Amino acid sequence: MMTRIKPLQIIAALAGLIAIAGCDWNWGVDIVGRPAEELEPNPTVRWGGVVLAPEHRAMRNPRSDVEKVSEIAWPRVAQAPSPELGARIGAALDLRSVLGFSLDDHRREIERDESLDVDISYSVPFHRENLLDVSFLYVTQGGGAARINQRDVLLDLRTGRQLHARDLFVASRMPELARLVDERMQAEIAAARARGGWSDADFLDDAGRLKHFGPADLERFSLGDRGITFSFEFEPPPYQRLPGDYLLTSAELRPFLRPDGPLAAIVR
């Protein structure tokens, strides 16, 4: 019988893959240094008249003989100062927008494969004033393996707009920032090769060149208490083998932040 992996266990496991560095965000002692495994699953978020509440669905495959329920949770806009703001926030946090699959898509996938178990949950690694990072965890279990896909959305709750790398970093310095992340990625690749058990194909692109972290990859990031973690997909989920997560502290990020951007005021 396959052991069911709960979202909090997976969050704790993911946290162990990320190098922990000192915290430089100037937010105050109430949230600084909180371990990732202590993040509340599927929390309610309140700020400035905006309320995001967890919406839950439990899906059971009617064709399966196994008593197995797929648990899906996502943040729903329960309250907003205006319908327009609520609609923008809701669109940014929609499952299809974040993960590429709607709730109906998940239901059809579960019904198609009776061995498949799908769990979706979310956590909030960062929330202060109008800035909110929502981290979605998409876990599938089937064939004796658990497959993990994580996606983050950074929102400005004042406007409902999703913030992208171009909103945070000086455009002319983004190539330099990408090279800084790539140095860590290449070190991870070199260590993996030294350990053995890998094929060179694991680290090569379609043209047969060694994979590198480029400016376009800066879009995959998660804002947390200790800085920003950039992620690289060596293979599409669920085939990722290396962690591919690279944490930069605020001290490292400071030269690259837009002076008029949302993070400039929070870095010492």
Side-chain angles (χ1 to χ4, degrees), residues 2 4-11 13-14 17 39-45 52-64 66-78 86-125 132-155 160-165 216-223 229-245:
M2 183 172 64
R4 184 179 178 83
I5 300 176
K6 291 301 182 183
L8 276 180
Q9 293 175 304
I10 297 168
I11 292 172
L14 288 172
L17 300 176
L39 291 175
E40 178 186 354
N42 310 319
T44 296
V45 177
L52 302 179
E55 185 82 4
H56 296 271
R57 291 288 187 277
M59 296 184 181
R60 189 184 303 276
N61 190 333
R63 299 195 301 115
S64 176
V66 181
E67 287 294 316
K68 183 168 50 181
V69 176
S70 292
E71 300 171 357
I72 297 177
W74 70 97
R76 174 182 58 85
V77 181
R88 286 194 294 272
I89 295 174
L93 298 176
D94 179 73
L95 288 180
R96 180 182 289 278
S97 173
V98 177
L99 298 175
F101 295 94
S102 69
L103 195 62
D104 286 339
D105 292 331
H106 288 299
R107 182 181 294 108
R108 285 191 291 269
E109 185 69 11
I110 292 169
E111 291 175 352
R112 183 187 65 81
D113 185 350
E114 63 184 28
S115 69
L116 187 65
D117 187 11
V118 177
D119 284 323
I120 300 174
S121 61
Y122 71 93
S123 60
V124 175
L132 174 71
D133 188 298
V134 180
S135 183
F136 289 81
L137 198 63
Y138 173 38
V139 182
T140 62
Q141 297 181 73
R147 303 168 177 89
I148 302 169
N149 187 9
Q150 185 173 355
R151 287 290 187 274
D152 282 68
V153 177
L154 180 61
L155 286 176
R161 190 168 70 90
Q162 181 177 353
L163 299 175
H164 299 275
D217 298 309
L218 293 171
E219 193 59 32
R220 280 285 305 273
F221 67 87
S222 175
L223 178 62
T229 298
F230 296 95
S231 299
F232 185 85
E233 284 188 354
F234 286 92
E235 297 290 344
Y239 303 105
Q240 180 95 337
R241 296 176 67 193
L242 286 176
D245 293 326

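No experiment lies behind these values; they were computed from the predicted model shown. Counting from 1, the numbers follow the sequence of the chain as shown.
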Gap separating the [atom1] atom of [X] from the [atom2] atom of [Y], nearest 0.5 angstrom:
X	Y	atom1	atom2	result
L93	F136	CG	CZ	5.0 Å
L155	L52	CG	CG	8.0 Å
I72	R57	CD1	CZ	9.5 Å
R161	L154	CZ	CG	10.0 Å

Side chains of [X] and [Y]: closer than 4.5 Å at any heavy-atom pair?
X	Y	result
N149	L137	no
V45	P75	no
P54	T44	yes
D152	V98	no
H56	N42	yes
L103	R96	no
V153	L132	no
F232	D245	no

Scanning both residues in full, the closest heavy-atom pair of F221 with L218 reads CD2-O, 3.3 Å
Exercise for the section: Search all heavy atoms of S123 against all heavy atoms of P125 and return the closest pair with its distance. Expected result: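 Distance-wise, the nearest heavy atoms are O-CD, 3.5 Å.
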Original post:
Is it true that E219 and R151 make a salt bridge, defined as a side-chain N closer than 4.0 Å to a carboxylate O?
Top reply: no
Original post:
Are a donor atom and an acceptor atom from the side chains of S135 and Q150 found within less than 3.5 Å of each other?
Top reply: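 Side-chain D/A pair, S135 to Q150: present.
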Tell me if a side-chain donor or acceptor on D94 pairs with a main-chain N or O of A91 at a distance below 3.5 Å.
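Judged by distance alone, no pair lies under 3.5 Å.
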In L95, L99, I120, V134, the residue satisfying side-chain contact (heavy atoms from CB on, under 4.5 Å) with W74 is L95
